[in-house]
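Heads up, the thing below is written out as structure tokens.
Keep in mind that this is a model prediction, so the values were computed, not measured.
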Amino acid sequence: MVLKATPHITQNEALVFERSQTGRKGYMLPALDVDETALDDLLPAELRRDDDLEGVPELSEVDVVRHFTRISTWNYNIDLGMYPLGSCTMKYNSRLNEKVARIPGFANLHPLAPVEDSQGALEVMFELQEHLAEITGLPGISLQPAAGAHGEMTGVMMIRAFLDARDGVTEGDKPRRNVMLIPDSAHGTNPASAHLSGFSVKTIRSTSEGLTDLEHLRELCSAGDVAGLMLTNPNTVGIFERNIREICHIIHEAGGLVYMDGANMNALVGVARPGDMGVDVIHLNLHKTFSTPHGGGGPGSGPCCCTAELDPFLPVPRVVREGDRFAFDYERPQSVGRVKAFYGNFGMHLRALAYILTHGNEGLREATEAAVLNARFIAHGLADTYEKPFGSPPMHEVLFTDKRQSRKGVHTLDIAKRLIDYGFHPMTIYFPLIVQGAMLIEPTESVGRAELQQFVDAMKEIAREALEAPDTVLNAPQTTRIGRLDEAAAARKPVLRWKPEAKTTAA
Amino acid sequence: MVLKATPHITQNEALVFERSQTGRKGYMLPALDVDETALDDLLPAELRRDDDLEGVPELSEVDVVRHFTRISTWNYNIDLGMYPLGSCTMKYNSRLNEKVARIPGFANLHPLAPVEDSQGALEVMFELQEHLAEITGLPGISLQPAAGAHGEMTGVMMIRAFLDARDGVTEGDKPRRNVMLIPDSAHGTNPASAHLSGFSVKTIRSTSEGLTDLEHLRELCSAGDVAGLMLTNPNTVGIFERNIREICHIIHEAGGLVYMDGANMNALVGVARPGDMGVDVIHLNLHKTFSTPHGGGGPGSGPCCCTAELDPFLPVPRVVREGDRFAFDYERPQSVGRVKAFYGNFGMHLRALAYILTHGNEGLREATEAAVLNARFIAHGLADTYEKPFGSPPMHEVLFTDKRQSRKGVHTLDIAKRLIDYGFHPMTIYFPLIVQGAMLIEPTESVGRAELQQFVDAMKEIAREALEAPDTVLNAPQTTRIGRLDEAAAARKPVLRWKPEAKTTAA
Amino acid sequence: MRYIPNSPEERQEMLSALGHASVDELFDSIPADIILREPLKTPAALSEVELLERFEAMAAKNTAARRPNFIGAGAYTHYAPTVIDSLLQRSEFFTAYTPYQPEISQGTLQAIFEFQTLVCQLTGMDVANASMYDGSTAMAEAVLMAERVTRRKRVLVSGAVHPEYLHVAETYVAHAGVELVRADFDEATGRTVLAEGALDKTIAAVVVQSPNFFGCVEDLKALADAVHAEGALLVVVVTEGASFGFLRSPGACGADIVVAEGQSFGVPASFGGPYVGLFATREQYARQIPGRLAGIAFDKEGRRGFVLTLATREQHIRREKATSNICTNEGLIALAATIYMTTMGRRGLQEVAAQCAQKAAYARREIAALEGFTLPHSAPTFNEFVVRAPAEAEGLLRRLASEHNVTGGLSLSRYFPGRPNDFLVCVTETNKRAEIDALVNGLREVHSS
Amino acid sequence: MRYIPNSPEERQEMLSALGHASVDELFDSIPADIILREPLKTPAALSEVELLERFEAMAAKNTAARRPNFIGAGAYTHYAPTVIDSLLQRSEFFTAYTPYQPEISQGTLQAIFEFQTLVCQLTGMDVANASMYDGSTAMAEAVLMAERVTRRKRVLVSGAVHPEYLHVAETYVAHAGVELVRADFDEATGRTVLAEGALDKTIAAVVVQSPNFFGCVEDLKALADAVHAEGALLVVVVTEGASFGFLRSPGACGADIVVAEGQSFGVPASFGGPYVGLFATREQYARQIPGRLAGIAFDKEGRRGFVLTLATREQHIRREKATSNICTNEGLIALAATIYMTTMGRRGLQEVAAQCAQKAAYARREIAALEGFTLPHSAPTFNEFVVRAPAEAEGLLRRLASEHNVTGGLSLSRYFPGRPNDFLVCVTETNKRAEIDALVNGLREVHSS
Ligand SMILES: Cc1ncc(COP(=O)(O)O)c(C=O)c1O
Ligand SMILES: Cc1ncc(COP(=O)(O)O)c(C=O)c1O
């Protein structure tokens with residue numbers, strides 16, 4: 001087995017505040033070129049800052065560059081290799097897209113500049129909307145939501161608004177249909193978004209096959225209070241809900257609407273369209289399927305795509321074409337309103353459009369095929385070694401558990417940490433919650449055969465270690481500059497900011 | 001002692017050729033938009049390539065990005081910290097300068113584009129020339145040489161041409177004055193450049209103080225065949241040649257000219273000017289003093305600066321101002337000719353000009369002061385621990401030797417390797433050749449007090465280890481992904497390229 | 001497709017090894033009737049050259065991006081030191097995920113911790129989170145948090161907060177059982193006023209922006225005293241982060257929650273996003289904060305590191321009971337802001353703020369001296385102020401753009417149809433005196449012709 | 001100065017700790033009479049904003065950079081994939097020094113080894129070095145090496161090598177005891193001819209460029225045979241690296257030393273530099289190569305790594321006896337070329353070359369069909385060719401630029417006063433058909449009006 005990684009000397013680095021030295025400067029401004037106004041004429045003293053920004057660091061430019069360069073080297077990242085976080089679609093973030101987003105005509109454009117002088121930006125948004133509509137099969141699009149959860153909130157609020165419009169708001173303030181059905185396997189943002197939108201959440205069970213339990217669904221629907229269903233498809237165990245048409249039918253029959261969490265669209269683009277399945281509204285994660293960089297936690301972009309029926313309820317403003325110009329349309333009286341100032345994370349729209357145009361229609365499908373194939377490769381490679389809780393062939397991600405290893409006291413967390421020693425970023429762990437010790441592996445299309453094989457080999461090797469030398473796994477990682485951190489202690493007595501007197505070493 | 005560095009997991013990576021897989025593609029071109037010509041009409045088969053470029057890698061863009069990102073992480077670099085290579089002036093490479101060099105109006109400009117449509121580029125060169133003239137006190141400038149050694153060659157060829165013009169070329173082909181004096185402490189490029197320019201090299205001894213031996217100099221000059229002297233100042237042991245006026249006088253009296261190797265100008269900018277010392281011609285290393293990035297070995301830029309007397313001998317073309325426009329002047333009959341196609345490493349000229357303008361005249365001096373101060377700090381910190389072969393206070397770099405440590409079998413090489421474990425790039429070692437076990441330390445102005453202190457502490461710790469645990473030092477580095485490499489074996493049976501059948505593991 | 005490592009041939013081999021005859025078999029679990037039988041009707045692939053040309057052509061149509069600009073109103077033009085983008089573009093930062101595996105994510109985690117600290121320092125608060133989507137959603141989350149903290153259902157919002165922020169808050173609270181009540185606005189001063197009786201024990205919080213949407217600096221201290229007297233919280237919104245370098249911090253004035261837009265900290269205008277929401281509060285409310293938090297942790301050997309902490313507030317643990325539904329935040333933009341604050345530093349943040357205030361004061365003076373133009377509000381301002389024109393602002397600004405190549409400000413009629421002649425002018429350290437003079441002359445000429 | 005970490009106060013403290021009263025004492029070893037007493041007369045410091053504005057203003061004067069361009073002649077406009085510059089900008093690459101400490105420089109070393117291999121593959125040679133300054137100096141070094149290898153003192157240089165390369169070689173050999181003799185040039189074919197008797201046992205090497213300066217592909221095989229018959233070396237110069245993807249490699253034709261300009265491999269024109277010189281030769285001459293070489297080495301545990309090797313050829317060891325004086329080379333540009341060759345790869349290098357040849361053939365045809373314009377040379381070409389105009393080329397091209405916004409080629413009169421009507425046209429894959437058509441139409445119109 002070729003070793004994927006080896007420890008190498010890496011710089012340590014304190015906090016910026018600890019590096020700071022009085023008098024250092026990392027900036028220079030042009031000299032003030034207007035006649036100076038006396039301070040008190042600018043602003044009365046009692047409204048002025050009086051702490052001289054004490055504590056804010058003072059550093060030279062070199063300090064800044066070294067500080068952030070050093071700490072950056074402690075991060076794993078996509079450019080170093082496979083990043084198989086299930087549900088996260090960590091695919092290659094193209095440099096070309098970064099360049100596009102930095103074209104001055106976009107980067108320097110103020111969101112409130114006159115629309116006639118911002119036509120290029122509106123064109124970008126409009127074109128992206130068109131393509132997303134084609135990809136999802138859902139014609140109504142808003143690019144305003146800033147991330148997946150934000151898109152969920154928008155989408156379920158649209159369901160709320162649609163139902164209210166259709167059914168009327170009965171019984172004073174409390175609307176009639178108030179239940180949002182969510183599978184037990186769903187991502188935490190789904191119930192959180194539903195709750196934020198005023199729904200009460202009921203959980204649908206999954207079958208032993210890892211699919212939505214249709215019987216349970218029907219049962220829940222029979223109560224007559226169902227507003228809708230939030231479903232991820234392929235679901236969070238990586239399996240396509242093959243009864244999707246039926247599911248949608250049941251919900252529709254019960255008077256509800258179907259929200260699809262599009263986090264897993266990387267399994268479907270160019271192959272099948274949510275609109276064709278009966279879905280009413282979906283959000284996409286441009287920062288997953290369409291490769292806009294995750295940036296260590298964000299930004300994302302979570303466009304909402306919906307049927308023509310739901311279109312009037314999308315957030316304002318909408319980007320519309322009027323002849324050969326583009327405009328913002330605010331006149332949507334049924335709209336849920338605004339979910340964010342301005343028009344969404346435009347910089348991400350640019351990148352996603354660049355992704356779609358660079359791939360081309362055939363490339364989009366090719367990426368889907370390659371992503372699913374890679375997941376299958378892993379599923380196949382590990383089938384004999386790890387417990388696969390569900391039999392169905394996985395789509396773009398595959399779920400295993402630590403069932404076999406945990407008998408020896410080695411758990412998912414340990415396996416994940418040991419993968420670090422083998423040079424990999426671990427998979428998503430303990431999600432979805434419905435299986436114990438979940439390990440959700442999503443290689444994406446951005447990994448070549450050799451590295452997939454290395455991953456399979458590493459996982460097998462860890463399984464062997466779990467049997468033969470469990471301590472190696474339990475004490476992992478051993479090759480990182482810092483070991484497992486005591487997260488429980490951190491949460492018990494949280495230190496969330498630096499202070500001059502802060503205790504910075506262990507007791 | 002705060003640990004400066006710690007090992008951390010790092011990706012391994014094979015050669016691009018080993019990563020290559022038939023059929024992978026990392027590029028896309030626009031489709032050919034002209035009528036196709038039959039291959040044989042383009043070029044007869046016997047002139048066409050017939051090996052299908054076998055062996056050239058086939059990789060996706062992701063492969064390329066991962067390959068080069070991974071291998072990059074094995075490099076130490078300025079942005080990680082102090083890089084105290086003596087004689088190399090590894091100072092901060094500003095990002096701003098990189099941006100300047102990439103402005104499309106410069107980056108996309110063809111060197112043979114009409115001069116009237118390239119005025120901005122000529123202006124850059126002209127302005128840089130003016131500033132370098134002011135900084136060196138030498139009015140004649142050519143930006144053509146591509147590096148220090150290239151500047152040396154240019155400069156000594158100018159001396160040759162000047163002497164020939166002054167004295168005539170006597171005795172057939174062999175000119176009368178043919179001896180170039182070079183201190184034994186000089187950089188290897190000096191004798192090599194002198195040789196390339198047809199001079200025979202005579203070596204001047206250094207005094208026990210580390211200075212040019214004036215007596216020896218006078219003696220060598222008395223032969224009457226001296227064409228010139230190549231002197232580094234501050235010299236390569238980091239000491240200012242305080243007799244520089246006298247030295248120049250001796251050479252001039254003997255009918256020769258003085259070439260100054262300007263590699264160490266970081267000790268002098270804004271403080272003293274070679275032109276005021278009596279120097280006739282100098283090269284600057286823009287990639288040292290003026291912070292253009294070293295790029296893992298280059299590019300450099302080695303402008304030649306000379307007295308008005310030598311000006312006619314500078315390479316062609318010259319950049320000149322004619323009223324309010326700039327032009328290339330080729331009409332310099334006495335010129336040594338051309339040393340490079342086009343006009344030198346223009347991209348480096350841009351960066352150097354940006355350096356000069358960003359620092360401003362006061363900042364240039366400030367940098368010099370800070371650089372010398374930092375070297376003094378180290379000199380002082382290590383004075384008790386390492387042998388300092390020369391007593392004079394150092395300028396921008398300080399020389400120590402391994403004399404004390406070598407008694408225990410620990411040599412300069414070992415100390416250097418051990419510094420790696422402490423998170424530092426080693427200093428320049430075994431240069432200059434005149435002292436045994438040389439360690440030449442140049443911190444530059446780009447290092448803060450804390451890191452200087454860390455360096456001093458590390459060096460002291462190593463000295464302690466050399467006494468108490470010499471094996472730790474002898475077996476260093478221990479924290480890198482690869483250990484000391486067998487350079488002797490590599491040179492005995494050199495493998496200088498990959499081949500499909502290449503043996504890639506040790507015998 | 002050049003981003004996919006495995007070549008078609010390799011993929012065919014892999015398929016065969018898995019026992020598949022064709023790639024279509026991979027999708028066997030999808031019912032045949034919903035399988036797409038035709039290629040998507042999106043365009044065919046473009047090469048890099050073609051793609052860049054297309055985007056450059058679209059960018060060229062954004063003529064506003066090439067003009068001196070005096071619009072602020074939630075997005076501010078400040079100088080961003082070059083190092084910011086150069087560091088952001090390290091793949092170690094921009095291609096990393098949320099730092100769920102701390103051992104190989106310390107770079108991101110330490111940067112978040114530094115961001116949190118800087119936000120606390122600037123706002124004058126105790127704790128700050130790892131970021132919200134932007135200022136507007138941060139304000140909406142603050143409203144929801146105030147309800148959680150106080151268990152009261154009514155929130156008084158100043159009429160001088162950014163209208164789009166208000167609109168967002170309305171959307172967020174629509175189904176949360178929280179009622180937004182508009183606080184009064186004094187046209188003469190340009191400040192928020194709490195009408196007699198507006199405040200009582202049913203009020204969870206009062207939300208004010210300072211400098212407010214009209215550029216006026218609010219008297220936060222007085223507001224805080226009034227609000228606290230009723231046991232409510234004071235939520236302070238800041239859209240112009242540069243003001244922190246000059247104005248008394250909201251924390252020092254008594255704010256309980258401070259939310260801000262961080263775009264001023266080295267983030268490009270980029271037609272409205274991505275930006276970054278700042279969210280800070282007092283220590284005692286730490287467990288009610290929405291979003292991620294990084295905190296210090298130690299390993300077995302006592303080495304200091306950082307982890308995401310207090311996760312039990314969050315959706316992935318608490319699901320519908322979470323403090324917010326936010327998951328992905330604005331990590332990279334928070335990093336940009338962190339690098340900005342660090343590079344400008346203690347002195348630079350103050351100098352930028354001072355230059356903004358000085359230049360705005362100059363512009364204010366010059367415009368006020370123009371015949372026909374007045375300044376309707378009397379309260380002190382920072383770098384933004386309302387001008388009342390002698391004619392419809394919309395038309396005036398349009399002519400200013402086309403005839404004088406200056407984006408002169410934002411017509412208030414966009415949000416306030418009742419104020420057709422008013423427009424909002426923002427001046428930052430990037431506006432040269434010559435630009436300000438061009439604006440002033442332009443106003444004079446456009447008006448007089 | 002913001003690039004200097006230690007603040008003035010810190011520096012004062014350090015000075016005091018070292019026992020100095022003032023900073024001037026640091027320079028005590030410099031005689032007082034040569035110490036500068038006044039500040040340099042260079043300008044005062046500029047901020048980033050001001051600096052960028054100044055450079056942008058100068059760049060804007062380079063109007064040629066914004067026009068379609070048909071000049072090649074040693075610098076070629078090819079498409080450079082975005083990844084190149086993005087990888088080059090990793091500080092790990094661009095701020096590293098020459099890899100003298102292999103344990104912490106393996107990234108640079110491995111890249112050099114890959115570069116050397118790629119150069120061998122493209123040129124068809126056995127060994128290549130880590131780079132020379134550029135193509136012109138590489139050619140001069142090849143001449144000197146030929147002398148070392150053969151111990152003969154005369155070198156026959158084709159009159160169809162780039163005139164600036166020739167000029168550089170003349171400078172380099174001026175004091176090396178090597179005589180450069182001009183080989184004949186056949187105007188009809190556009191190829192080099194070795195006149196009867198030109199070759200004999202005093203000739204160290206014959207130097208030809210192919211495609212030569214006039215774009216004509218030389219018959220290298222025939223030349224090699226003739227040259228080898230006299231025991232001399234064939235030195236082949238290539239200025240247009242893209243040609244390697246289409247032309248028989250010099251190695252396959254019998255070249256002994258191949259030197260080339262690598263600018264075509266993803267390196268911007270940048271007004272002439274930095275570029276990168278390629279230098280390759282046969283195995284048996286490896287120890288005569290100038291410049292650095294990376295080779296494989298192993299550590300004690302048998303792990304493969306790379307080191308700079310055969311250093312005894314170099315100036316830092318061998319001093320005046322070194323094979324060259326070169327020290328700093330063009331490392332980063334060699335890396336750019338390596339990334340280019342790797343990204344384009346086996347297929348892309350051939351496709352670029354084919355497109356160049358196709359587009360040039362199209363342009364050639366169209367121009368040849370213009371009344372009054374002829375193609376003076378009959379030999380096959382790659383992507384560059386000479387056009388004979390019915391009038392002075394210089395004036396024609398000037399009008400083409402000003403009236404049709406096209407840089408139509410290079411007037412040969414720049415180097416060959418005797419060829420006033422000839423100009424050299426280069427077409428690459430980046431020239432769209434519309435640009436070529438504009439050139440052709442422009443020529444027609446300018447000529448006929
Ligand atoms: C299945 C699923 N749904 C929703 C989300 C939430 O998306 P975001 O993080 O963009 O808010 C995620 C991503 O983490 C997810 O994996
Ligand atoms: C003292 C000295 N002289 C000359 C040189 C040669 O300069 P370059 O490497 O730019 O050719 C160097 C640099 O290595 C040097 O340190």
Which bit of [X] comes within less than 4.5 Å of chain C, counting heavy atoms only: side chain, backbone, both or neither?
| X | answer |
| --- | --- |
| A/Glu152 | neither |
| A/Lys99 | side chain |
| A/Tyr83 | side chain |
| A/Phe17 | side chain |
| A/Leu85 | side chain |
| A/Leu47 | both |
| A/Phe377 | both |
| A/Ala121 | both |
| A/Leu350 | both |

In terms of heavy-atom proximity below 4.5 Å to chain A, should [X] be classed as side chain, backbone, both, or neither?
| X | result |
| --- | --- |
| C/Pro81 | neither |
| C/Ser324 | backbone |
| C/Ala111 | both |
| C/Lys432 | both |
| C/Thr309 | side chain |
| C/Leu51 | side chain |
| C/Asn329 | both |
| C/Phe244 | both |
| C/Leu18 | side chain |
| C/Glu56 | both |
| C/Arg90 | side chain |
| C/Arg318 | neither |

- Look at atom CD of A/Glu362 and say whether more than 12 heavy atoms of other residues, nucleotides or ligands are closer to it than 6.0 Å.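 No.
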- Message: Counting only heavy atoms from other residues, nucleotides and ligands, does the tally under 6.0 Å from CD of A/Glu46 exceed 12?
- Response: yes
- Item | Pairing of C/Lys61 and A/Glu123 as salt bridge, 4.0 angstrom limit |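 Result for this pair is yes, salt bridge flagged.
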Between [X] and [Y], is any side-chain donor less than 3.5 angstrom from a side-chain acceptor?
| X | Y | answer |
| --- | --- | --- |
| A/Glu445 | C/Asn6 | no |
| A/Ser301 | A/Asn345 | no |
| C/Glu103 | A/Thr480 | no |

- Task: Just give me the residue among C/Ile339, C/Leu410, C/Leu397 that pairs up with chain A most often, heavy atom to heavy atom, under 4.5 Å.
- Result: C/Ile339
- Item | Contact winner vs chain A - C/Thr77, C/Ile326, C/Leu310, heavy-atom pairs under 4.5 Å |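 Ranked by contacts with chain A, first place is C/Leu310.
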